[in-house]
Amino acid sequence: MEIKNIKLSQLPAFFDQLIKSGKVVIAPVMKKSGKVFFERVQSYSQVATDYIQTGFSAKSVVFPKVEVLFSFNKTDDGIDIKDSITDIPETIVWGLRPCDGSAFNYMTEFFLKENPDVYYAARKAKTTLIAISCAKADDACFCTSVGLTPGSTEGSDLLLTTMGEDVYVEVITEKGKAAIDLSASLFSVNEERSKEKYLAKIDTKFSLTEIKERIKTAYDSAEWKNESMGCFGCGACAFSCPTCTCFDIQDEGTQNKGQRLRCWDACGFGQFTKHASGHNPKTNQTQRRRQRLMHKFQYSVENLGIVSCVGCGRCIRVCPAHLNIFENILSVTQ
Amino acid sequence: MTPLQNKVAELFENGTISLMIGYKNAINKLAVPCFIDHATQVEQLIYTPECKGNLSVYLHKAEIKQAKKIGILANIATLRSLVQLTSENQLSDIEKTVITINAQNEVLVFDNMEKVEEYVQANFPEYTEEDKKLLEQLNSMTRAERWQYWSEQFAACVKCYACRAVCPMCYCSSCTVECNQPQWIKVSSETTGNLEWHTMRAMHLAGRCINCGECGRICPVGIPVHLLTAQMNLDIEKEFGSKTGFSCNSGYALNTFKPEDKEQFIK
Amino acid sequence: MSEQFEPKIVAFVCNWCTYAGADLAGTSRTKYATNVSIIRFPCTGRIDFMLLMKAFENGADGIIVSGCHPNDCHYTSGNFHARRRWIVFRSLLDFMGFDTDRITFSWVSAAEGAKWAGLVDETTQRIREKGAFTDFKKLDCSTFEKISHDAITE
Ligand code: SF4
Ligand code: SF4
Ligand code: SF4
Ligand code: SF4
Ligand code: SF4
């Protein structure tokens with residue numbers, strides 16, 4: 001891995017080059033509500049720098065909340081079908097956290113391992129991820145419990161770590177290299193050193209090895225009921241999660257004009273498992289909450305060999321009932 | 001043990017309740033709902049200014065209804081929703097004991113809804129200063145500016161339906177958004193559909209919303225959705241003189257009428 | 001000279017009074033604007049506000065909602081209920097910044113064929129002056145870009 005250095009004061013200049021490259025740049029923006037969201041930006045002045053984590057993850061860049069798969073239009077000459085995969089822009093995501101970077105690794109496995117999803121593949125191929133290490137964390141962050149750190153490089157293309165007046169740049173992939181090459185003169189050679197003292201300190205909540213072992217038998221735990229009783233069955237946790245990938249295919253329009261859409265869905269919704277017959281195998285919120293947690297810590301391990309919770313803490317911050325995934329996991333694996 | 005914990009322990013011990021819905025501490029100084037079924041667990045119970053969530057939502061859950069005797073810790077908004085729900089005949093199948101803590105920090109226990117109603121009427125809350133300010137701002141905008149404001153807000157809605165999930169008055173076993181033959185509200189989240197969703201929600205809650213503000217508070221993208229129903233309640237009070245969550249017999253303003261109702265716009 | 005804009009008006013009317021009134025206008029050969037498409041309901045009480053939203057979404061430029069005069073409802077009180085709902089719906093639309101002048105609310109009895117014709121003419125003229133209803137269409141393009149975390153789909 002190549003290591004570079006850039007002066008902290010030069011970051012805006014680097015950022016400007018990214019904008020000038022003509023690519024779509026998505027970065028965290030502080031909204032009037034005080035919450036921070038990824039949004040398309042035009043200049044560094046719009047970018048939020050003092051925040052712990054964005055409200056929603058950057059997954060919408062590769063897995064939009066509503067994605068048009070194709071559209072059709074009936075004309076006098078027949079039916080005009082438009083494949084939307086052709087107009088995907090080159091995109092740079094700036095300022096995602098290391099945990100989010102690693103979430104892209106999981107998504108890539110999920111979408112591309114068997115039956116590759118062309119839409120995901122096309123978007124991912126055109127996306128560059130520039131992550132920024134965390135110097136601060138809150139009580140909801142628990143990346144260190146799921147095998148990551150506030151300075152993990154997994155999944156990202158470039159990782160920036162501020163060290164005083166300098167920014168330590170880890171060039172992880174070719175895409176990352178291409179991004180810094182846009183303003184090569186701003187970067188100087190640097191040597192590998194420890195980031196440790198510049199990273200947030202996050203206590204581990206549990207031992208992942210133990211949890212992975214114990215969750216195998218946790219399905220029947222009596223604690224699920226207690227831990228899920230507060231759950232309202234909304235989509236807030238799944239929609240904000242960087243690794244929740246469930247979707248619902250919808251056709252919208254009329255016989256003359258319409259589109260096929262892929263929309264985010266959430267296993268917390270009561271209707272999620274409802275069959276066409278009207279039968280619903282999941283009858284209560286306990287089963288739904290269990291599905292979500294078991295998926296993160298058990299099913300994705302079985303299917304892809306990855307714990308799919310990256311410890312970003314979003315579902316904890318966003319939950320209207322303030323349910324806490326790591327506490328829940330601990331208690332069902334007691 | 002706090003006076004609240006003592007009281008709840010006592011209610012368990014004398015058999016008044018078999019399940020207590022309250023709050024316990026969570027990280028980031030938040031309060032998470034907790035469900036206690038034994039006197040030995042009462043030490044989790046807290047009551048702090050962070051206890052804003054409206055616990056009466058849980059009374060609609062089948063698992064909760066199974067518990068025959070339910071104790072519920074209620075802030076003033078929750079008390080109002082209990083009153084409104086009673087007037088909508090939603091709580092008749094459960095035996096409940098309502099516990100609140102008044103401004104003097106005394107633990108009060110109500111064993112029937114008449115007492116709750118009396119307490120609510122004596123302590124009827126006003127809109128928060130912040131909401132008053134926001135409503136005033138919105139009302140002083142031009143129509144086009146309001147349209148712009150709400151369009152931008154609704155554009156950000158992801159249709160997670162958390163606002164519906166936390167609302168004690170949204171208790172329909174099958175919501176209109178889930179109805180797909182015909183489909184009233186699109187599944188996809190796009191602005192016209194989002195606007196329709198919020199129009200529908202506000203209409204269903206106008207005159208029933210008890211202004212707990214929870215829907216706006218918990219929206220993950222920060223849309224102040226509670227303002228829609230807050231404004232409708234003001235209009236309804238002005239037009240028809242009825243207040244929500246005020247009386248156990250008041251019913252629902254849009255479910256009734258007076259022949260002398262007045263308006264200026266029907267030609 | 002550009003062609004005069006002809007608005008699409010959808011009328012939601014009750015079967016017993018306004019529909020009969022419109023019928024009377026027809027049998028008396030009263031001339032009135034042809035812009036209106038009438039949808040007949042059993043009662044104004046059945047005219048759900050979502051139907052109005054759907055009409056606008058599907059291209060209506062203006063809407064007429066009409067039924068029996070107060071105290072004349074075939075089902076005794078459907079129009080009284082409807083009146084309350086319209087009052088609230090109209091103020092909700094106004095609070096959301098929707099142009100409520102695009103909706104005409106009226107009472108037209110079975111004997112008021114002339115009133116019906118006048119109502120349609122007046123509404124058509126008003127909407128013609130306002131122009132096509134584009135607020136919903138504009139929404140989808142103009143605000144989409146602002147959607148946080150979804151900005152890329154422009
Ligand atoms: S489950 Fe929660 S903490 Fe884990 S990755 Fe998803 S949002 Fe983050
Ligand atoms: S855990 Fe929280 S955010 Fe997730 S579905 Fe339940 S109430 Fe909603
Ligand atoms: S909680 Fe917010 S984002 Fe979710 S459906 Fe309601 S308004 Fe939309
Ligand atoms: S939005 Fe309307 S239909 Fe849906 S749950 Fe609420 S009141 Fe019921
Ligand atoms: S403020 Fe919101 S959550 Fe509370 S009752 Fe009204 S609509 Fe429901």
Side-chain angles (χ1 to χ4, degrees), chain A residues 31-35 37 39 55-56 60 64-68 138-140 142 205 225-240 248-252 259 261-266 268-271 274 283-286 313-314 316-324 326-327, chain B residues 19 21 23-37 41 50 52-55 57-58 60-64 152-153 156-167 170 173-175 177-180 183 186-190 193 214-224:
Chain A
K31 310 297 281 187
K32 273 190 226 121
S33 59
K35 300 183 194 223
F37 288 99
E39 195 171 279
F56 279 37
S60 52
K65 70 174 180 181
V66 182
E67 180 168 33
V68 182
D138 68 5
D139 294 345
F142 63 105
K205 319 288 183 203
K225 186 163 176 209
N226 205 8
E227 294 301 321
S228 322
M229 198 58 104
C231 177
F232 295 118
C234 63
C237 51
F239 288 1
S240 63
D248 183 8
I249 302 286
Q250 289 285 323
D251 289 340
E252 275 179 10
Q259 47 196 2
L261 306 169
R262 164 152 89 183
C263 314
W264 285 355
D265 204 345
F269 289 145
Q271 301 267 315
K274 192 168 176 188
T283 52
N284 57 49
Q285 212 50 36
T286 304
R314 283 191 180 87
I316 306 174
R317 293 182 203 99
V318 84
C319 176
H322 310 304
L323 300 192
N324 180 321
F326 63 72
E327 285 178 357
Chain B
L19 175 74
I21 311 176
Y23 307 92
K24 64 179 179 188
N25 260 318
I27 56 164
N28 287 348
K29 300 197 191 64
L30 295 169
V32 57
C34 74
F35 305 85
I36 292 176
D37 54 15
Q41 303 161 334
E50 279 309 318
K52 292 180 187 141
N54 194 331
L55 299 178
V57 194
Y58 295 114
H60 304 306
K61 267 195 163 188
E63 299 99 304
I64 301 276
E152 279 173 30
Q153 295 290 342
C157 171
V158 291
K159 284 198 177 151
C160 67
Y161 298 130
C163 48
R164 176 189 67 178
V166 298
C167 176
C170 264
S173 55
S174 173
C175 173
V177 299
E178 274 138 16
C179 174
N180 56 8
Q183 187 159 52
K186 288 177 188 165
V187 172
S188 68
S189 143
E190 50 74 58
E214 191 64 0
C215 49
R217 205 174 302 127
I218 57 75
C219 171
V221 286
I223 307 173

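Naming convention: chains lettered A, B, ... in sequence-line order (proteins, then strands); numbering from 1 in each chain.
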Does the B:Lys186 side chain pair with the main chain of A:Gln250, one donor and one acceptor, at a distance under 3.5 Å?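 Not confirmed, B:Lys186 side chain does not pair with A:Gln250 backbone.
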
Using modelled atom types only, decide if a donor and an acceptor are shared between the side chain of B:Lys159 and the backbone of A:Gly235 within a distance under 3.5 Å.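 Pair absent, no side-chain N/O of B:Lys159 close to backbone of A:Gly235.
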
Counting only heavy atoms closer than 4.5 Å, note whether B:Ala31 contacts chain A via side chain, backbone, both or neither.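 For B:Ala31, backbone heavy atoms alone lie under 4.5 Å from chain A.
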
Measure distances from B:Cys34 to the heavy atoms of chain A and classify the residue's part below 4.5 Å as side chain, backbone, both or neither.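 For B:Cys34, no heavy atom lies under 4.5 Å from chain A.
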
Does any backbone or side-chain atom of [X] lie under 4.5 Å from a heavy atom of chain B? Answer side chain, backbone, both or neither.
X        : value
A:Lys225 : side chain
A:Ala266 : neither
A:Cys263 : side chain
A:Gln285 : both

For chain B, find which of A:Ala140, A:Gly34, A:Cys237, A:Gly55 contributes the most heavy-atom pairs closer than 4.5 angstrom.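 Highest number of heavy-atom pairs under 4.5 Å: A:Ala140.
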
ring-ring contact (aromatic ring centres under 6.0 Å, His included) involving A:Phe142 - partner list, sequence neighbours excluded: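 Expected list: A:Phe326.
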
Starting from the C-alpha separation in whole Å, work towards a yes-or-no answer on side chain to side chain contact (heavy atoms under 4.5 Å, CB included) for A:Asp248 and B:Val187. CA-CA 9 Å; A:Asp248 183 8; B:Val187 172; 3.7 Å; yes

Report the relative orientation of the aromatic rings in B:Tyr58 and A:Phe232; use parallel for angles under 30°, tilted for 30 to 60°, perpendicular for over 60°.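 If you compare the ring of B:Tyr58 with that of A:Phe232, the planes turn out parallel.
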
Side chain to side chain, A:Ile316 and B:Ile27, heavy atoms closer than 4.5 Å: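 Counting from C-beta outward, A:Ile316 and B:Ile27 do come under 4.5 Å.
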
Best-contacting candidate, B:Gly222, B:Ala26, B:Ser188, against chain A by heavy atom pairs under 4.5 angstrom: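 Looking at each option in turn, the highest pair count goes to B:Ser188.
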
Determine whether B:Glu190 and A:Val66 satisfy the following criterion, side chain to side chain contact (heavy atoms under 4.5 Å, CB included), listing intermediate values before the conclusion. CA-CA 8 Å; B:Glu190 50 74 58; A:Val66 182; 5.8 Å; no

How would you list, by chain and number, every residue that makes a side-chain contact (heavy atoms from CB on, under 4.5 Å) with B:Arg217, sequence neighbours excluded?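 For B:Arg217, the residues satisfying side-chain contact (heavy atoms from CB on, under 4.5 Å) (neighbours in sequence not counted) are B:Lys52, B:Glu214.
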
Please report the closest heavy-atom contact between B:Val158 and A:Phe56, naming both atoms and the distance.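 What the structure gives for the nearest pair is CG1-CE2, 3.6 Å.
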
